[in-house]
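For this chain, numbers begin at 1 and follow the sequence in order. Remember, predicted model here, so these are calculated numbers, not experimental data.
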Amino acid sequence: MRIQVDHERIAVLTIKDRIIQASGAYLRRNGFTEILPVLLSPITDPLHHETYGGAVDYYGTPYQLTRSMILHKQLALRTLPKIFCFSPNVRMEPAERAVHGRYLAEFVQLDLEVRDASRDDVIAVGEELLVCVIEQVLTHCRCELELLGREIRVPSTPLARIPYNEAEREFGVPFDDALSATLASPAWVVDFPRTVREFYDREDPTKADTLLDMDLMYPEGFGEALSGGEREHTLPRILRRMEQDAIAPERFRAYLDEVERGIPASAGFGIGVERLTRFVAGLDRVEDARLFAKTPGATQAI
Ligand code: ASN
């Protein structure tokens, strides 16, 4: 057998390996415990945008392939105070999303959640994590970055925070690509309107219809990196949010039963590992950041 040597691919996967190693080490140093992913469950993230499919016949009951582990993260915090997980997510996005170069039907997010934390707390974790990952890649993957022609700097923190309304006023909606193209350093977008996000992100008690949540935007047009926020954790508020989103509570019965028994207040986020690799390695398309990539709308042999 003749093995083909693809130096660029090796460089990208080496950088990705370093990103995984550095982020896991950073989180463990900071008191987080890694939990293993859930792949199948009667409940998963409803998401706010349309994805389709993903149901599996599980002994005659429809189970979902995980779209994100958000609901399980909340439940896991009853056992452990700070958790993270390299969580495979399946999101069959509409085919037209492939043009953006940042969607994969199957990807991994580094998903974390902290009991009794505020948005500011997890923003600080996100910034330190990003700085640590970039420092580690610069230290250990100089040759790989050089081979890929990528120059990347460690961002200075705290990163800028841009209110959602401001980004919308300046760039319209969706603003991800346009905003990201103007940034020289990663920046947060904060305070999303309730109507554009899922029921689990917490509404600001002092500002109706505004959420205590955030996205991180990469600079140079790489687009969205991460989503997260503080969470709703009481039954009446979650039921109200589901009603506002026209979600039948029956769909989330098992989750709501657990919420009724009590889940902790928390905040957290999930950062896409392939998108982070794409940004750090400076790749045109996210599918170059993993093996066996599945782009929206296309079927693959493997
Ligand atoms: N993981 C995200 C979060 O923690 C949710 C998502 O990916 N939709 O908020």
Next on the checklist: Before you tell me yes or no, could you show the steps for Trp188 and Leu226 under side chain to side chain contact (heavy atoms under 4.5 Å, CB included), namely the whole-Å CA-CA distance, both residues' side-chain angles and the distance that decides it to 0.1 Å?
Outcome noted: CA-CA 9 Å; Trp188 300 99; Leu226 156 174; 3.6 Å; yes
Next on the checklist: Looking at Glu106 and Arg91, is there a salt bridge between them, counting it only when a charged N and a carboxylate O are closer than 4.0 Å?
Outcome noted: no
Item to check | Shared hydrophobic cluster for Phe107 and Ile15 (ILVMFWY, side-chain gaps under 4.5 Å) | outcome: no
Next on the checklist: Do Leu256 and Glu250 have side chains that approach each other closer than 4.5 Å (heavy atoms only, starting at C-beta)?
Outcome noted: no
Checklist entry - Can you tell me if Lys294 uses its side chain to pair, donor with acceptor, with the backbone of Thr299 under 3.5 Å? => result no
Checklist entry - Any link between Leu27 and Ile35 through a network of hydrophobic side chains (Ile, Leu, Val, Met, Phe, Trp, Tyr) touching at under 4.5 Å? => result no
Checklist entry - Do Gln109 and Ser87 have side-chain atoms, one donor and one acceptor, less than 3.5 Å apart? => result no
Checklist entry - Does the distance from a Lys or Arg side-chain N to an Asp or Glu carboxylate O, for Glu258 and Arg261, drop under 4.0 Å? => result yes
Item to check | Salt-bridge criterion met for Arg119 and Asp201 (N-O under 4.0 Å) | outcome: no
Item to check | Arg240/Glu243 salt bridge by N-O under 4.0 Å criterion | outcome: no
Item to check | Distance-only polar pair, side chains of Tyr200 and Asp45, donor-acceptor under 3.5 Å | outcome: yes
Checklist entry - Rounded to the nearest 0.5 Å, how far does CD1 of Ile43 lie from CG of Leu71? => result 5.0 Å
Checklist entry - Are Phe269 and Leu110 connected, step by step, through hydrophobic side chains (Ile, Leu, Val, Met, Phe, Trp, Tyr) whose heavy atoms are closer than 4.5 Å? => result yes
Next on the checklist: If hydrophobic clusters are built from ILVMFWY residues whose side chains come within less than 4.5 Å, do Met92 and Leu39 share one?
Outcome noted: no
Next on the checklist: Tyr63: which residues meet the ring-ring contact (aromatic ring centres under 6.0 Å, His included) condition with it, sequence neighbours left out?
Outcome noted: Tyr58
Checklist entry - Cation over ring, Arg275 on Tyr103, under 6.0 Å and within 45°? => result yes
Item to check | Carboxylate-amine/guanidinium contact Arg197 Asp213, below 4.0 Å | outcome: yes
Next on the checklist: Under a plain distance cut-off of 3.5 Å, with no hydrogens placed, do Gln74 and Tyr255 share a side-chain donor-acceptor pair?
Outcome noted: yes
Checklist entry - Is there a donor in the side chain of Thr210 and an acceptor in the side chain of Asp204, or the other way round, less than 3.5 Å apart? => result no
Item to check | Modelled atom types, side-chain donor and acceptor of Glu224 and Tyr218, under 3.5 Å | outcome: no
Next on the checklist: Please tell me whether Tyr164 and Phe199 are part of a single hydrophobic cluster in this structure, the criterion being side-chain heavy atoms less than 4.5 Å apart.
Outcome noted: no
Next on the checklist: With a 4.0 Å cut-off on N to O distance, would you call Arg278 and Asp284 a salt bridge?
Outcome noted: no
Checklist entry - Side chains of Asp121 and Ser118: do they bring a donor and an acceptor to under 3.5 Å? => result yes
Checklist entry - If you draw a 6.0 Å radius around CD in Gln300, do more than 12 non-hydrogen atoms from other residues or ligands fall strictly inside? => result yes
Checklist entry - So Val12 and Asp288, side chain to side chain contact (heavy atoms under 4.5 Å, CB included) or not? Walk me through it. => result CA-CA 8 Å; Val12 170; Asp288 292 331; 5.8 Å; no
Checklist entry - Would His233 and Ser266 count as having a side-chain donor-acceptor pair, cut-off 3.5 Å? => result no
Checklist entry - Do the charged groups of Arg241 and Asp245 touch, with an N to O distance under 4.0 Å? => result no
Checklist entry - Should the ring pair Phe84 and Phe32 be called parallel, tilted or perpendicular, given that the plane angle runs from 0 to 90° and is split at 30 and 60? => result perpendicular
Item to check | Pairwise distance CG(Leu235) to CD1(Ile263) - rounded to 0.5 angstrom | outcome: 9.5 Å
